[in-house]
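Notes to accompany the following structure.
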Amino acid sequence: MEPGRFRQRGPFEWELPASGRMRVPGVVFGSRALIEAMDDKVGEQLANVASLPGIVDAAYAMPDAHWGYGFPIGGVAAFDADEGGVVSAGGVGFDISCGVRLLHTGLTAAELEADKQRLADLLYARIPAGVGSTGALRLSAAGMDAMLRGGARWAVAEGYGSVADLAHIEEGGCMAGADPAAVSDMAKRRQRDEMGTLGSGNHYLEVQVVDEVFDAALAETYGLAAGEVVVSIHCGSRGLGHQIGTDYLREMVIAAQEAGIDLPDRELACAPLKSALGQRYLGAMRAGINCALANRQILTHLAREAFAELFPQARLPLLYDVSHNTCKEETHRVGDGRRRLFVHRKGATRAFGPGHAELPPEYRQAGQPVLIGGSMGTSSWVLAGAAGTGERAFGSACHGAGRAMSRHEALRRWHGRNVVDELAARGILIRSPSFRGVAEEAPLAYKDVGAVVDAAAHAGLAEKVARLVPRVCIKG
DNA sequence: ATGTGC
């Protein structure tokens with residue numbers, strides 16, 4: 001994007017002033033270089049989002065923002081139900097509650113290296129990955145509804161992981177207000193065999209080493225030290241979330257028309273929060289959140305079983321689990337007052353600052369762990385929600401590197417086999433059912449995650465805590 | 001992201 005289109009609020013904050021149909025300004029966080037590298041579509045989509053009824057404060061884009069369906073990926077927008085505010089399926093994204101969780105292992109990098117090959121093969125054998133992959137579980141109709149209501153809490157009750165995990169998951173592992181009856185039979189059918197599976201695209205399970213610590217006090221609070229081995233799991237709600245998105249998008253196109261909302265782009269289809277459809281979507285979307293939380297909980301159990309075979313002494317406690325595709329009702333300070341708002345985060349991570357009541361006591365003074373997934377073969381990051389974040393972008397930060405080129409272009413430039421070999425030569429073992437998928441996810445197909453994280457830190461969205469480098473990657 | 005799609 002051309003930086004001249006923006007009014008610069010600070011070195012890392014760029015305002016697109018409200019004009020035309022925009023009700024509020026757009027705000028993009030990032031360095032000049034990141035703004036210049038962004039597709040013009042990000043500004044266009046931000047302006048479109050800013051025109052939706054009931055939007056509060058501004059339409060935000062994080063430093064990793066790129067062109068998405070209707071809303072930009074890396075977008076944050078909050079709506080007030082009392083002012084005609086809306087909820088949008090495209091504003092949440094198709095992979096509802098896609099997110100990242102991080103596990104400690106207590107192992108050292110040297111211990112990992114000695115058994116890395118065997119661990120890679122074992123994890124690949126135990127973790128179902130790829131398009132249409134199925135797990136060991138077959139949910140009955142009643143089991144499906146219990147899962148959609150209970151999330152990770154349901155998974156723990158079913159024997160996956162421990163009660164202690166729940167305190168380190170957003171919402172205590174169980175999103176309230178889920179309505180399984182609002183989820184179509186088709187969505188449930190697609191999910192029946194897919195619990196405990198990774199899926200495809202940018203989803204992965206990675207064994208990583210803490211490469212560098214940037215804030216010793218925060219790292220200690222989170223239990224991270226340089227040279228330690230951790231496990232990252234990045235995935236979402238699989239076929240169920242996708243089907244919910246598809247189902248409600250169709251209904252919202254019609255509903256927006258009927259509500260007299262003049263959409264600048266059909267992909268912004270939405271429904272008033274104070275409507276039967278808006279409420280039904282929220283119920284279905286929250287069920288989708290629980291599906292993703294349960295899925296990551298089961299995958300955690302599978303990872304622990306694999307580790308136990310090779311490293312019987314290892315324990316894998318959960319550091320944190322946070323989603324980056326949601327719409328959540330939260331209280332935020334706007335101007336002089338505090339308001340209940342429905343915050344859409346699409347490819348944006350919740351990043352509550354120090355003192356927030358929803359954080360577990362052991363992290364409350366430090367701020368929320370913000371887990372940033374890198375692209376394959378590059379770094380991942382642990383950040384901490386910053387003190388000022390809540391007033392800037394409704395307590396949000398970036399979620400990853402963001403694509404630098406299309407999947408099509410990546411396929412043209414690389415062969416999966418070569419990507420695997422080159423990474424192996426650098427000590428990074430990839431195990432994937434799809435060479436095509438590996439080529440699409442080649443490291444250079446993504447922007448530099450370090451630059452994105454630096455921009456988020458400079459913009460005051462989150463503090464840098466630690467950088468993680470991959471050693472084993474199970475790729476969907 | 002996705003029982004990947006013109």
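Proteins come first, then strands; the chains are lettered A, B, ... in the order of their sequence lines, and each starts at number 1.
- Contacts of A:G236 with the nucleic acid, taken as non-hydrogen atoms under 4.0 Å apart, are absent.
- Within the structure, a side-chain polar atom (N or O) of A:S200 is placed less than 4.0 Å from OP1 or OP2 of B:dT2.
- For A:E13, the salt bridge (charged side-chain N to carboxylate O under 4.0 Å, His left out) partners at least two apart in sequence or on another chain are A:R9, A:R392.
- Remark: P of B:dT2 and CG of A:D247 are 16 Å apart, rounded to the nearest angstrom.
- Residues satisfying the salt bridge (charged side-chain N to carboxylate O under 4.0 Å, His left out) test with A:R426, not counting sequence neighbours, are none.
- Going from atom CD of A:E194 over to atom C1' of B:dT2 covers 9 Å, rounded to whole Å.
- Nucleic acid contact for A:R192: none, since no nucleic acid atom lies under 4.0 Å from a heavy atom of the residue.
- One atom, CZ of A:R407, and another, C1' of B:dT2, lie 11 Å apart when rounded to the nearest Å.
- Using cut-offs of 30° and 60° on the angle between ring planes, the pair A:Y60 and A:F29 is parallel.
- Among the protein residues, A:R238 comes within range of the sugar-phosphate backbone only, with heavy atoms under 4.0 Å from sugar or phosphate atoms but none that close to a base.
- Atom pair A:L411:CG and B:dG5:P shows a separation of 14 Å (rounding to whole Å applied).
- If you take CD1 of A:I73 and P of B:dT2, they are 13 Å apart, rounded to a whole angstrom.
- The distance between atom OH of A:Y69 and atom P of B:dT2, rounded to the nearest whole Å, is 17 Å.
- For the pairing with A:Q191, the side chain to side chain contact (heavy atoms under 4.5 Å, CB included) check across A:V183, A:L240, A:L148, A:L139 returns one residue only, A:L240.
- Between the NE2 atom of A:H242 and the P atom of B:dG5 there is a distance of 8 Å, given to the nearest Å.
- A:G241 comes within contact range of no nucleotide atom at all, as no heavy-atom separation falls under 4.0 Å.
- B:dT2 atom P lies 10 Å from atom CD of A:Q191, rounded to whole Å.
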